[in-house]
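Computation of the quantities below employed the complete heavy-atom set of this structure, encompassing side-chain atoms and omitting hydrogens, waters and symmetry-equivalent molecules. Residue numbers begin at 1 in each chain, while the letters A, B, ... track the order of the sequences.
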There are 2 protein chains.
Amino acid sequence: MGSLTTADPAVVSDFSVAAANHAAFEPLNPEDVRACLHKAVDFISDYYANIESLPVLPDVEPGYLQRELMASPPSYSTPFDVTMKEVRASVVPGMTHWASPNFFAFFPATNSAAGIAGDLIASAMNTVGFTWQAAPAATEMEVLALDWLAQLLCLPATFMNHTNTGDRGTGGGVILGTTSEAMLVTLVAARDAALRRSGSIGVSGLPRLAVYAADQTHSTFFKACRLAGFDPANIRSIPTGPENDYGLDPAKLLKAMQADVDAGLVPTYVCATVGTTSSNAVDPVGAIADVAALFCAWVHVDAAYAGSACICPEFRHHLDGVERVDSISISPHKWLLTCLDCTCLYVRDARHLSDSMETSPEYLKNDATDSGEVTDLKDMQVGVGRRFRGLKLWMVMRTYGTAKLQEHIRSDVTMAKMFEGLVRADHRFEVVVPRNFAMVCFKIKASGTMTEEDADEANRMLMKNLNKTGKAYLAHTVIGDRIVLRFAVGSTLQEERHVRSAWELIKNTTNEMMMD
Amino acid sequence: MGSLTTADPAVVSDFSVAAANHAAFEPLNPEDVRACLHKAVDFISDYYANIESLPVLPDVEPGYLQRELMASPPSYSTPFDVTMKEVRASVVPGMTHWASPNFFAFFPATNSAAGIAGDLIASAMNTVGFTWQAAPAATEMEVLALDWLAQLLCLPATFMNHTNTGDRGTGGGVILGTTSEAMLVTLVAARDAALRRSGSIGVSGLPRLAVYAADQTHSTFFKACRLAGFDPANIRSIPTGPENDYGLDPAKLLKAMQADVDAGLVPTYVCATVGTTSSNAVDPVGAIADVAALFCAWVHVDAAYAGSACICPEFRHHLDGVERVDSISISPHKWLLTCLDCTCLYVRDARHLSDSMETSPEYLKNDATDSGEVTDLKDMQVGVGRRFRGLKLWMVMRTYGTAKLQEHIRSDVTMAKMFEGLVRADHRFEVVVPRNFAMVCFKIKASGTMTEEDADEANRMLMKNLNKTGKAYLAHTVIGDRIVLRFAVGSTLQEERHVRSAWELIKNTTNEMMMD
């Protein structure tokens, strides 16, 4: 029976539940697993089939869920159907539906049947692949999936894993949770290498290390620098402007690095972004690598979103020069149909990571590790335990194939181009920066009696009114001190008609605002 | 059709596949999702039903998977069945089966139908809950699940989230990936607080900060300290011994901290463990908190494994004094039937985390955040993006209820006790340290002509021979400089008969060795 101690509206007290509470507890009984998961699968399929009708941004107040669900865990077990009923009744109405075709905010979290299936199998196998021995297939699948993706991206062979050659002093890849973790582990590796190079005793030299990125770089970079102990005063945020389409200017980078050297600091790390979150700006990777090389600084490329586009030859030039950087990370959970979380990090010399992150407690020692013939992926990440993330990424590439994945990227870009054209055709709006991928930065433009400040207010209001309808959700940013709306195409269920509807909604909402 | 460019043995070239390659690409088509996931579910149920017959540790060579699967991603799409066929044929035989009832290594990664279902739904909804607004239900469910677990553990209310009171200056919880991340974020918070307290300019004071833990503390703690920039020379590993059952001696801690103060260092952080990985030792939480308080040092409790046991009143005393520490982390992915990854971190003052980790880029700004009425969980973790991890934990507690969860813990402990009894009854073996939870540390003992060194060799050989059979998998550790075997009970499909069989296998393998 359900809990007797709480006011649970869904309490069930029939005999079968009472019986279940007295039977042996078998939470992984294969037939129960089958029954529960089939129910969850049907819930998911129905969710996708109906998602278009759900408000993409929910209309709930802070604390709503605590008021709907039991305040305390139940004492007794409950049929799985009751749990699912509460998920349907209370969780779904409070979700921001990232899978909705009317979702245009942030970057889409793309997904696929094969990706979800891979993640599901990983959850069920529940392997903890810290060492090769603890999960040979999981480790090797991760290496293989990373090699496949590297081939799709035409990454230089120097980034590839060399697991099986006994030569662990070269390239390596690892799947991490998020870009933030990729930045953190490479920052730590670069930090320790710089300390060693500069003859620092312990971390005494740390207050002198400096790091660099454009002011358009993701905020998580500045957070990762603080996590790794860099002095906030030595984290350089280099101004960008429209003259470089908000990309990092190598000349400014050179000037900043030289000024630091002149002041007795040690340039340690440069983060370049291919496809910034704010406006999809692209930092010139090769030119940045050339500048950084003058100072022996580590260069990391954050291609979290736009890296996936580089599987298409027509976008690959955005990675030109990558053969001269130290590391690059790409998040297939953004634009390559692989559900969260999946960030692929490639480094040119995996030894730098393991120098800083290797641990070897007694209970993890084993012959395979001792042989030097295997990669123990724990030594390339923050923690020790790790999910079997390689499976879903491999299943996506194996099932859909390169051509379909390229088609997926191109289809999103085509829809974004179409939206861009619609914006340009309406004299009240402007496209603020050149569109590089599948996101359009646009705004109601200041003109006539409308000042820039008025336009800011109008764009804020437009976003607020749009998002309130539940029929579209988009986010804003600030570019050149002005409010700009971000229209990110690519939610997996999105079709051209959704983009067109969103534009109609934007136009109509603007009309209504202008009439007020 | 399958790839034409690679030698894929599983290539399928029938018309339906060719047709699929020309149809519109709909990777989240609801009916395809339904079909693929139902297949994955049947695979999983069958896997559990047959897992007992699979060798728990696989007999594969490094690089085996690369030799079996295609070296490059296919150009064209493939039926999902082909992908699954390769998973069955090549992945399963190379897995270390953590879900096997014959798995006794490390700590079990427990799991359940409800937990997998919750993870599956999270993968499908694929929400990225960095802010409350980006996923209200995901944020609130995480807060609720953490509050439920805190109630099960009888944690003081000061650790509870205060999302809905506008009072963000008090307790808070967050679900992270692993204990390592919980250690890292609390180390960074403690580091920054100590720097502020000591009037450091930037990180100039960092080389003077010192941290403390018993030598039995998980190696990931020492790694997390290095990640956070602590000087390796100031990371104190305090020796333990049999006189305290390998727990941290508060007197030794006091002495170490005072010595550091006398040398001009700043004691910053102490990590106490409830249930060490090596031998399940328990550091005395309250006494450690009292010592640390003398130096204003942060105290974190790592209860990754054994914390789950504390939902049973008879084990709760191991957390006595927790009301005086700053943070505690528990990993339900270890012993509370929730699949990887799920580490619950509770802090007494969430402000310390957000002081170090808050970011506020323009595109994440929103009214809900500005109201101060909501928690944005991104400010309590390394990264920004985050999976909807609260759902699986809540579904486990909601479906099974407290009584069954306690029964699950007790059943594992009872089986471990039984194993302990079997070991004690055999004069060739000894139990090396007192059993606190569901793990038994035992060894072939030195006696007669067998020296301690001989015993080490015999125990190594026993483990190697056992693991080679594929009928059991256990790991070793070193306690007091001697090799010890760890027998960790609790894999979810495990029953008493598996423990008895493992013991028979241990005895028989030992007999064979002794006869040689």
Might you point out which heavy atoms bring [X] and [Y] nearest each other, and give the distance in Å?
{"X": "B:Asp119", "Y": "A:Ser123", "answer": "OD2-OG, 2.7 Å"}
{"X": "B:Pro27", "Y": "A:Tyr400", "answer": "O-OH, 3.8 Å"}
{"X": "B:Gly383", "Y": "A:Thr178", "answer": "CA-OG1, 4.2 Å"}
{"X": "A:Ala40", "Y": "B:Leu120", "answer": "CB-CD2, 4.0 Å"}
{"X": "B:Ser77", "Y": "A:Lys404", "answer": "CB-CG, 4.2 Å"}

- Counting N and O atoms only, with roles assigned by atom type, does the side chain of A:Arg34 sit under 3.5 Å from a partner on the main chain of B:Val41, one being a donor and the other an acceptor? no
- Message: Donor-acceptor check, side chain of B:Trp98 to backbone of A:Ala134, threshold 3.5 angstrom: yes or no?
- Response: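 It does hold such a pair.
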- Are B:Arg386 and A:Asp341 ion-paired here, with the side-chain N under 4.0 Å from a carboxylate O?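 Looking at A:Asp341 together with B:Arg386, the answer is no, because their closest N to O distance does not fall below 4.0 Å.
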- Message: Between the side chains of A:Arg226 and B:Asp192, is the shortest nitrogen-to-carboxylate-oxygen separation below 4.0 Å, so that they form an ion pair?
- Response: no
- Message: What part of B:Leu149 gets within 4.5 angstrom of chain A, counting heavy atoms only: side chain, backbone, both, or neither?
- Response: neither
Determine whether the side chains of [X] and [Y] contain a donor N or O and an acceptor N or O closer than 3.5 Å.
{"X": "A:Glu362", "Y": "B:Thr477", "result": "no"}
{"X": "A:Arg398", "Y": "B:Thr78", "result": "yes"}
{"X": "A:Thr399", "Y": "B:Thr83", "result": "yes"}

- Note on the structure: Honestly, the part of A:Ile44 sitting under 4.5 Å from a heavy atom of chain B is side chain
- Message: Does any backbone or side-chain atom of A:Lys39 lie under 4.5 Å from a heavy atom of chain B? Answer side chain, backbone, both or neither.
- Response: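 No part of it gets close to chain B.
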- Can you find a pair of side-chain heavy atoms, one from A:His333 and one from B:Asn126, that are under 4.5 Å apart? no
- Task: Please work out whether the ring planes of B:His38 and A:His38 are parallel, tilted or perpendicular, with thresholds of 30° and 60°.
- Result: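 Taking A:His38 first and then B:His38, their aromatic rings sit tilted (interplane angle of 30° to 60°).
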